[in-house]
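What follows is one structure encoded as structure tokens, with my remarks underneath.
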Amino acid sequence: MNSAPVVVALVVSHDGARWLPQVIDGLRAQTLTPHRIICVDTGSKDASRHLLADAFGADTIISAPSSTSFPAAIALGLEAAADADWLWILHDDSTPAPGALARLLAHTTTDPGVDIVGPKLREWPSLRRLQEVGVTMSGTGRRETGLERGEYDQGQHDHVRDVLAVHSAGMLIRRTVLQELGGFDAQLPIFGNDLDLGWRAAQAGFRTAVVPSAIVFHAEAAHRGVRRTPLTGRHTHYAERRAALFTLLANVPGRAIPFQSLRILVGSLLRVIGFLCIRAVGQALDELAAVISLYAHPGQLRRARHERRQLTAESSHPADPARVRSLLPPWWLPYRHGLDAVTDLITAATQQAQDVAERRRLARLAPDAPASSSRGGSGAPKDRRRRYVEADVSDDELPEVEAGPIARFFTSPLALGVMLFLLLALWGQRAAITGAFTDGAGLLSPVPGRTADWWTLYLQSWHPLGQGTPIAAPAYLLPLALLGTVLPGGPSWVVAAIMVLAVPIGFWGAWRLLRVTGHLLDERGMPRWLIAGGAAAYSLISVSGGGWAEGRLGLVVSAATLPWLAHAALGFAEPSAYRRWRAGWRTGLLLALMVCFTPLIWVVAVVVGLVIVGLALFLAPRSVRTPSAWGPPAVALVLPWALLTPWWVVLVSQGASAGLLLDAGQVPADVLDGADLALGRVSDLGAPWWLGAILPALAVLALIPRATRLPVLICWIVAGAGTLVGVVFGRIWMTLPTFAATPQIGIIAVFLQGVALVGVGLAAVGLLRAASDSLARRLGLLLVSVALVVPGVGLFWSVTQASSSVAATDAPEIPAYMTQSSQVSPAHGVLVVRGSVQEGLSYAVRRGDGLTLGEDEIVALTPVDDDVTQLITEVGSAPTPESVASLAEKGIEYVVLTAPADSAVSARLDAVGGLTPVSSEDRGTRAWQVDTEPQEGAIDGQGPRWRSALLAFQLVAVLVAVVMCGPGRGERTDERGGADV
Amino acid sequence: MSSQTGRRAAGRPGRRWSPVVAAVVLLPALVAVGLGTFSGPGDRALETHPPTEEPLTSVDLICPAPLADKPVLLLGHLSDPGTAPAGEVAFGLGTVTTPLDWAAGATFETAPTAAGVVTARGDRAAGVAATLAERTVAAAVTCDEPSSSQWFGGLGAGPTHASELELVNPDESTAVADVTVFGEQGILDVPALRGVAVPGGSRVLLKLAELLPQRGQLAMQVTVSRGRVGVHVVDRSDELGQGDVSAEWVPSQREPQLVTVLQGLPPTSGQHKLVVTNPGPDVAQVNVRVTTTAAAFAPAGLTEVQIPPESVGVITVSDAVNTAVADGQDSAAIALGLLVESTEPVAAVLRSVTDGDLSFSGSADVISQGLAPIPPSGDDDDAVMVVSGGVEPATGSLRFLDANGATVAEQPFDLASLVSASFPVPDGAALAEVTSGGVSATLVVAGPQGTVAVPVLEPRTSTLVPDVRAVLR
């Protein structure tokens with residue numbers, strides 16, 4: 001090599017006038033000028049041609065139609081540069097740094113064996129972030145750069161190395177090599193052709209290297225969708241993905257084709273799900289379309305592979321396959337990316353809505369504050385921002401950043417205190433761990449043996465209970481069954497877990513709620529010890545109110561969920577409309593969960609919502625009118641009904657609407673009055689009544705401090721709304737088929753205590769933030785000291801009494817052989833009769849393993865079969881062999897007269913033919929077997945067929961709701977916008 | 001912001017009653033009033049579920065095996081004279097059942113050969129009564145529906161005084177009876193009498209002398225824990241060496257009582273033993289009075305007796321009864337029975353042996369409409385209906401009917417407290433009907449063969465149909 005090699009720069013342009021001036025400047029500024037510049041313009045409609053002509057002369061321009069692909073354009077350039085040793089390819093959106101060409105060419109001198117060299121690509125316009133330093137392709141067709149997203153160039157990748165491929169922007173390639181390789185593959189018009197070229201080159205024995213000292217800035221106009229051409233189309237993702245998969249399948253070794261094809265299919269389906277999870281529906285469809293398009297045209301792939309085989313065969317020095325393999329990334333890389341993606345999703349999902357207060361404040365401070373934050377402009381923003389920043393590090397973030405988490409934990413009295421509280425609370429609920437609720441307790445029925453029983457009950461539209469019923473299974477079976485499917489121990493673990501974890505989950509939720517509420521009130525937020533005390537007080541409400549020991553599963557779940565719901569609802573105050581909509585879906589989903597267990601909470605939510613909207617209309621009428629203000633709460637209120645159609649639609653259609661007002665579990669015999677609501681008591685199995693009086697009393701006092709009066713007043717308004725619902729619904733008697741019941745207002749008792757707690761907490765913050773020696777602060781301390789009696793005594797009672805207070809179950813004792821027989825089939829029922837002739841007889845037909853959790857509501861709402869009642873009246877008064885045989889036709893195998901059995905009835909049953917006395921558990925109980933074999937199919941029936949459609953709809957609705965609640969791309973843009981402020 | 005608000009408010013005292021302040025006062029007040037006045041949904045009327053009454057269409061009356069060779073089963077039914085109620089009546093046990101051709105008439109007679117069940121169906125079922133009597137010996141017993149619990153006293157298990165328990169199961173399936181035996185020293189443990197199985201359609205006879213041979217007075221409670229069993233006890237008095245063997249059915253008592261009226265004193269003197277069973281855990285203090293047509297009086301020489309818990313007490317009342325009976329023959333105050341008053345519920349029966357004849361005076365049920373077929377009596381027999389009121393005065397009427405149901409005589413009565421009355425049975429009477437507001441009555445037939453006392457029962461005319469309702473579990 002005596003003379004300097006001839007380098008021809010090849011600029012391909014298409015509507016690139018936006019970037020070309022800088023590209024031209026970049027070319028002109030090169031320390032080593034190329035011998036010639038050839039511009040290929042593919043039908044630009046903007047000023048591209050003029051710009052290029054002005055810069056390099058009209059004769060350098062090769063015009064091509066707009067349908068010309070990138071490979072075709074390069075081919076045109078190649079033709080025109082027959083004299084070149086090296087071709088330097090540049091895009092119209094890539095501009096080289098001054099020394100780029102010189103350094104690339106210099107490397108070809110120092111390493112003469114190299115055939116293709118590429119520069120380090122940095123983002124344009126940021127100019128500092130790295131884009132690519134060589135590239136390779138993973139087994140799933142992913143373009144692997146080996147860089148973090150948004151990684152800044154600090155020289156950390158500045159070493160020359162062999163790579164599989166380099167980006168075509170800034171690529172310096174031997175003309176002969178490009179000719180020998182046949183140019184870029186025309187099958188890959190825009191995306192991925194550089195990777196393919198590099199891969200082919202490697203297989204043909206050529207070497208590609210990256211020279212990071214040469215820098216090219218690249219705008220990635222096509223990739224980012226900034227520039228659309230007929231070739232990219234509207235679906236950039238589709239084009240990219242198809243190109244990547246094509247490249248992969250065209251270049252992998254032949255023996256790997258079956259595995260790769262399958263892997264791409266499965267991987268793409270997973271990616272589709274992933275895109276759907278972050279609500280990127282367009283990309284999901286693109287992904288799917290790319291795979292389908294690729295697999296629908298196997299001929300293209302066959303041709304491409306044939307060409308590559310020929311190329312390798314004709315190559316003078318074909319590559320060592322091991323060398324090619326070494327240029328590909330390790331096999332595990334795609335799995336790691338998958339794990340990262342899932343982790344990112346979970347992190348984003350759990351952390352959303354954490355900092356509504358901060359975001360509101362930031363939005364107010366922002367110079368271009370959106371209209372929704374009306375109070376933005378006033379005050380001194382800088383000063384506020386400074387205070388906010390100070391506050392941020394002062395309080396609920398742990399200050400000892402340098403210490404490890406374990407050290408921080410053990411040196412924090414608060415963390416230790418919280419841990420001690422939770423451990424003691426768990427100890428208080430030890431009865432649940434030891435299975436006190438498994439066989440039923442109080443209002444909680446025994447749990448079925450397997451989770452499959454719950455699924456069956458939930459999915460079936462006809463249940464073999466009583467004499468058969470089409471009444472829909474209660475809605476809460478779905479969350480229970482889902483939980484049971486996840487937990488190893490099945491239903492008994494589910495109930496135990498709920499009863500044990502209700503306190504910690506309630507504590508956690510209340511902590512989050514109080515933390516955000518405190519921040520909304522005061523920039524510095526609530527002191528953490530106050531948050532902890534408040535959360536502890538709240539978490540014990542369902543225990544000290546007696547709901548826990550009475551086995552009110554619905555109340556326990558809802559009490560633990562309520563603060564989470566309130567926290568989610570605070571998202572309606574988000575400054576960004578996007579986040580408000582997310583909050584709407586999140587609130588709706590949590591509300592749906594609570595409606596499953598305590599449906600009346602929906603009415604409370606509606607009334608509270610109406611009151612708040614009314615207040616907002618009064619205070620800021622304009623802000624309420626925007627759809628993004630009223631829409632999210634509306635979504636939250638409508639969503640439960642959309643999600644729970646298999647439950648309520650069936651109940652309404654079957655005339656069992658009363659079930660819409662019943663809590664999960666058995667219907668309690670006792671009803672609640674105003675004092676119960678005020679004291680948060682739902683049964684006598686709780687702590688002393690005066691414990692419940694403390695928070696309401698303090699909530700009245702909380703109205704006195706003027707500084708926090710308004711927020712406390714809002715709490716009172718919310719409490720008033722809850723009271724209204726409780727007082728109105730608590731007066732109603734609903735007539736169910738076999739008994740009368742009131743709508744269950746227990747959740748309102750919990751709700752009122754919770755609202756009182758928030759009110760007291762807000763007043764306490766206001767007082768405690770006063771000057772250290774002021775009267776207000778001392779009063780605040782006094783208020784808090786009294787309030788702390790609630791968690792203190794509550795915990796003491798819980799530890800000492802709660803587990804021993806668990807109510808007993810009143811399920812009848814049925815001999816074991818009967819329960820075994822009744823599990824053979826639903827037709828082997830046991831007729832359980834109680835009472836006497838004088839006081840009346842009551843009966844129930846026990847089937848399977850008896851009434852288990854989830855079945856109570858169904859039976860309670862099922863109309864009584866009058867024929868069966870008539871038959872049992874006959875059997876109980878003047879039985880005949882015929883009437884006894886009819887029992888078998890009704891699916892009854894045994895008759896049990898519970899202790900003390902009325903001798904008048906038992907004598908009649910003893911006298912009649914067709915009944916054989918059998919042994920019973922105790923002497924007071926009498927039992928007979930019906931001699932006639934029970935008729936199989938006696939209680940078969942057909943529920944509404946359309947319920948399956950509702951179940952399918954529910955599945956879709958739940959998936960959509962979960963996806964809509966989760967973090968999405970909008971959040972990221974939202975955050976980016978926030979970061980730019 | 002908060003401090004600004006504070007300053008502003010403090011600076012303008014005229015704005016103290018802003019809407020916020022008004023709300024601060026009003027809201028808690030409203031919530032408090034709302035909760036304070038809310039007293040729940042209001043009580044619902046306590047639901048009761050009384051049974052309904054429907055005409056009886058099926059009844060089983062159980063009769064024991066006859067004692068002697070000429071038994072007669074007497075049936076009586078209240079129906080209009082001359083009518084023939086629809087329905088069938090049969091007698092028998094198990095598979096051996098004979099229909100009775102009782103077409104018309106108020107009474108019917110048949111000669112049973114063994115223990116059996118009178119089954120009445122249809123219109124004949126309501127208000128049918130049956131009595132088994134012996135023509136050759138002084139003995140009779142009321143056939144009754146099976147009962148779940150009955151008390152018997154004055155029993156024995158020795159050579160001269162022995163009782164036999166007869167259990168009859170009218171149904172197909174096996175029934176089980178439990179017998180608790182009380183002795184003078186307390187409850188006796190007799191394993192053979194616990195859970196006695198009575199196969200369907202059969203009769204089981206248990207001889208106490210074989211099961212628990214001993215002297216002394218015994219009592220027993222027979223409860224039926226499974227099925228239905230008709231229970232009868234035959235007591236025999238065997239004056240060893242004298243050849244006088246007398247047998248009689250022991251009247252049953254449904255449950256122990258604080259006040260018991262024993263009816264059917266034999267009109268001649270003899271040995272009288274009052275056997276009182278105290279099943280309770282406390283000592284019972286028992287006082288005995290003689291009831292007469294004039295009053296109830298405490299006989300001289302009889303003091304209060306204490307019966308230990310769960311024991312049988314025997315009070316020899318021969319002198320008192322003999323004196324009272326003798327006195328009654330000369331005065332208007334005829335002795336008709338004994339009044340046993342106790343501090344604890346007791347079961348009582350008077351066992352009398354007069355002229356070699358064994359007879360019992362028992363406690364008859366309080367009836368509002370009783371019916372008793374009148375056993376055939378010889379010319380020398382003296383048949384009377386003894387009616388006793390309780391502590392409260394009682395009125396009523398006694399009607400005697402002939403075999404066709406026509407009234408032979410009708411006698412109203414008006415009884416003062418603790419006073420009894422006796423009415424002679426007129427000739428031609430086949431059926432006695434007692435209508436009252438709460439008396440007990442016993443038909444007493446006394447003659448050369450001895451004395452027979454047949455308590456008058458109230459036949460069932462209706463059945464109770466329970467109120468049946470479905471419940472959840």
Side-chain angles (χ1 to χ4, degrees), chain A residues 666 671-675 677-678 700 703 706-710 713 716-717 719-720 723-724 726-727 730-733 737-740 742 766 811-812 835-844 846 850-851 856 859-860 864 868-869 872-873 876-878 903 905 907 910-911 913 916-917 923 926, chain B residues 1-3 5-6 9-10 20-21 23-25 27-28 30-44 47-52 54 56-58 60 145-149 169-176 223-228 463-473:
Chain A
Q666 297 171 22
V671 292
L672 304 183
D673 59 18
L677 290 187
V700 175
L703 283 163
R706 198 173 290 148
T708 50
R709 187 173 286 165
L710 204 60
L713 200 58
W716 270 99
I717 291 172
T723 305
L724 182 71
V727 168
R731 284 179 203 278
I732 303 171
W733 276 112
T738 53
F739 59 98
T742 54
S836 64
V837 171
Q838 286 300 332
E839 288 168 0
L841 298 176
S842 62
Y843 76 90
R846 185 186 188 280
L851 279 192
D856 298 284
V859 178
V864 175
V868 175
T869 306
I872 290 164
T873 308
S877 55
S903 58
V905 181
D910 280 328
T916 305
R923 284 180 71 86
R926 293 296 316 280
Chain B
M1 184 183 76
S2 53
S3 59
T5 315
V20 171
V21 177
V24 162
V25 175
L27 253 178
L30 276 176
V31 170
V33 168
L35 290 175
T37 55
F38 170 51
S39 57
D43 290 337
R44 285 175 79 82
E47 284 185 41
T48 55
H49 306 276
T52 51
E54 286 192 8
L56 190 69
T57 56
S58 166
D60 297 330
E145 289 190 75
S147 170
S148 58
S149 170
N169 180 354
D171 301 317
E172 291 176 12
S173 55
T174 300
V176 177
T223 53
V224 181
S225 57
R226 176 178 297 182
R228 299 190 303 166
T463 185
L464 292 178
V465 176
D467 175 82
V468 174
R469 63 196 188 282
V471 291
L472 282 191
R473 52 183 64 229

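Proteins come first, then strands; the chains are lettered A, B, ... in the order of their sequence lines, and each starts at number 1. Because only heavy atoms are used, hydrogens play no part in the values below, and waters and symmetry mates are left out as well, while side chains stay in.
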How long is the gap from [atom1] on [X] to [atom2] on [Y], to the nearest 0.5 Å?
X: A/T723; Y: B/L35; atom1: OG1; atom2: CG; result: 4.5 Å
X: A/D910; Y: B/R226; atom1: CG; atom2: CZ; result: 7.5 Å
X: A/S842; Y: B/H49; atom1: OG; atom2: NE2; result: 8.5 Å

Proximity breakdown for [X] and chain B, heavy-atom pairs closer than 4.5 Å:
X: A/Q838; result: both
X: A/I717; result: both
X: A/I732; result: backbone
X: A/A675; result: backbone
X: A/L851; result: both
X: A/Y843; result: both
X: A/V727; result: both
X: A/S903; result: side chain

Counting only non-hydrogen atoms closer than 4.5 Å, does B/L30 touch chain A with its backbone (N, CA, C, O), its side chain (CB onward), both, or neither?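 Interface part for B/L30: neither.
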Top contributor to chain A interface from B/P51, B/G40, B/S58 [non-hydrogen pairs under 4.5 Å]: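 Result: the option with the highest number of such pairs is B/P51.
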